[in-house]
Amino acid sequence: MRSSRALLALPVAALALSVPGVAHAGESVQVQLQDLNETGATGTATLTATDGGDLKVMIRSTGMTPNSPHAQHVHGAVNSMDFHCPDKSADADGNGYVSTEEGLKMYGDIFISLTTTGDTTRASGLAVDRMPKADARGNLTYERTIPAAELPAGTIEHLKDLHLVQHGIDANKNGTYDMEALGESTFAKSVGVNGIPAEATDPATCGMVSGAAAGSVPAGGVATGDGSTSGGVPVMWSVGALALLGAAGAVVSRRRLAGGR
């Protein structure tokens, strides 16, 4: 009888060993944010699962575009999809920078929008008015605890499968988003908004959870992770795009007016 029980236990033990480790209450994972477009921006982030199932997010970044808002998100998936931070090979058009469209194929859909207040779903992915702003030296500090009830299913259990992306670069290092360096944002144009600098929407940093392995890009790229695209751009991006890009345009316009006074 003991022998039979031991044999029955073996498959259970093997199954347990085959299941990836999951996060538990009080556990924290670290993310090293690396410069994605050679602008010198870097940072660190900590994702902590609280005892109540909430998610505490802390981010400290440097080298960001000063006095400017930076959209930022948790990306990835909890359904075994393989998304990760891109490298220079993602620069399909060869202009030397990874754009939003090029990066999406690697890091996938927005999982959580890291806004300062209010909604944190992917619908707020481009709500620049509620995104953190770098100070005059390009330092960005962010801290927020997102209630368990507002987290996508599986967030806490799959913290190690997720990663962070911050947007907004200063390619020509003049301290602002402008057209001179990279021209107009093709992503902005794809959602019907003209006159927005590519610098405002291109990713600045990306970081995977320490110890997470980078795999291959899933077949189908973004469509595999999101399930819906529109003209090559995921539909979810267009939900909050007008809000972000309109606000970005307002920022640019105010600077132009200030400069003309």
Side-chain angles (χ1 to χ4, degrees), residues 23 29 31 33 43 45-50 52-61 64-65 68-79 81 83 100-101 103-104 107-134 140-159 161-168 177 185 187-188 190-193 196 200-207 222 225-230 233-251:
V29 297
V31 177
L33 294 166
T46 304
L47 306 178
T48 302
T50 71
D54 303 336
L55 178 65
K56 183 176 182 179
V57 182
M58 298 178 63
I59 302 175
R60 302 289 184 272
S61 299
M64 308 296 283
T65 305
S68 300
H70 293 270
Q72 55 180 21
H73 322 97
V74 174
H75 286 262
V78 297
N79 59 354
M81 293 306 303
F83 292 117
T100 297
E101 299 99 317
L104 278 170
Y107 52 69
D109 200 352
I110 292 176
F111 196 71
I112 300 171
S113 296
L114 297 177
T115 53
T116 55
T117 60
D119 178 64
T120 58
T121 68
R122 66 183 186 177
S124 293
L126 296 175
V128 71
D129 58 322
R130 292 186 290 112
M131 290 294 179
K133 184 178 180 180
L140 184 150
T141 299
Y142 176 84
E143 184 172 335
R144 185 175 182 182
T145 298
I146 303 173
E150 298 177 16
L151 295 173
T155 299
I156 299 301
E157 295 81 2
H158 292 272
L159 282 183
D161 297 326
L162 303 174
H163 50 282
L164 272 69
V165 178
Q166 294 176 301
H167 297 262
Y177 302 143
S185 171
F187 164 67
S190 73
V191 294
V193 182
I196 301 300
T201 58
D202 282 0
T205 69
C206 183
V222 175
D226 179 44
S228 60
T229 59
S230 178
V233 178
V235 172
M236 62 86 185
W237 276 99
S238 65
V239 176
L242 296 180
L244 168 76
L245 298 171
V251 170

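Being a predicted model, the structure only gives us computed values, none of them experimental.
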Taking all non-hydrogen atoms of both residues into account, name the closest pair between [X] and [Y] and its distance.
X: Thr116; Y: Pro132; answer: CG2-N, 3.7 Å
X: Thr48; Y: Thr46; answer: OG1-CG2, 3.6 Å
X: Ala204; Y: Gly168; answer: CB-O, 3.4 Å
X: Ala71; Y: Gly125; answer: CB-O, 3.9 Å
X: Ser61; Y: Gln166; answer: OG-OE1, 3.0 Å

| query | Okay, side chain of Thr100, backbone of Thr201: is any donor-acceptor separation there less than 3.5 Å? | reply | yes
| task | Please check if the side chain of His73 supplies one atom and the backbone of Arg122 the other of a donor-acceptor pair under 3.5 Å. | result | no
| field | Residues that Thr120 engages under side-chain hydrogen bond (donor to acceptor under 3.5 Å, both in side chains), provided they are two or more places apart | value |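 Scan of Thr120 (side-chain hydrogen bond (donor to acceptor under 3.5 Å, both in side chains), adjacent residues dropped) gives none.
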Is there a side-chain contact between [X] and [Y], using heavy atoms and a 4.5 Å cut-off?
X: Thr205; Y: Met64; answer: yes
X: Leu33; Y: Ile59; answer: yes
X: Ile110; Y: His75; answer: yes
X: Asp109; Y: Phe83; answer: no
X: Val57; Y: Val74; answer: no
X: Val31; Y: Leu162; answer: no

Could you state the interatomic distance from [atom1] ([X]) to [atom2] ([Y]), rounded to the nearest 0.5 Å?
X: Met131; Y: Ser124; atom1: CE; atom2: OG; value: 7.0 Å
X: Leu55; Y: Thr155; atom1: CG; atom2: OG1; value: 7.0 Å
X: His167; Y: Cys206; atom1: NE2; atom2: SG; value: 9.0 Å

Output a table of donor-acceptor pairs, distance under 3.5 Å, between side-chain atoms of residues 143-151 and any protein atom two or more places apart or on a different chain; print 'none' if there are none.
residue	atom	partner	partner atom	Å
Arg144	NH1	Thr115	O	3.0
Arg144	NH1	Thr115	OG1	2.9
Arg144	NH1	Gly118	O	3.2
Arg144	NH2	Gly118	O	2.7

| request: Please work out whether the ring planes of Tyr177 and His70 are parallel, tilted or perpendicular, with thresholds of 30° and 60°. | output: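 Judged by the thresholds at 30° and 60°, the geometry between Tyr177 and His70 is perpendicular.
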| query | By side chain to side chain contact (heavy atoms under 4.5 Å, CB included), which residues pair with Thr141, not counting sequence neighbours? | reply |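 Checked Thr141 against side chain to side chain contact (heavy atoms under 4.5 Å, CB included); matches are Arg60.
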| request: Report the C-alpha separation of Asp119 and Arg130 in whole Å, then their side-chain angles, then the decisive distance to 0.1 Å, and conclude whether the side-chain contact (heavy atoms from CB on, under 4.5 Å) test is met. | output: CA-CA 9 Å; Asp119 178 64; Arg130 292 186 290 112; 4.3 Å; yes
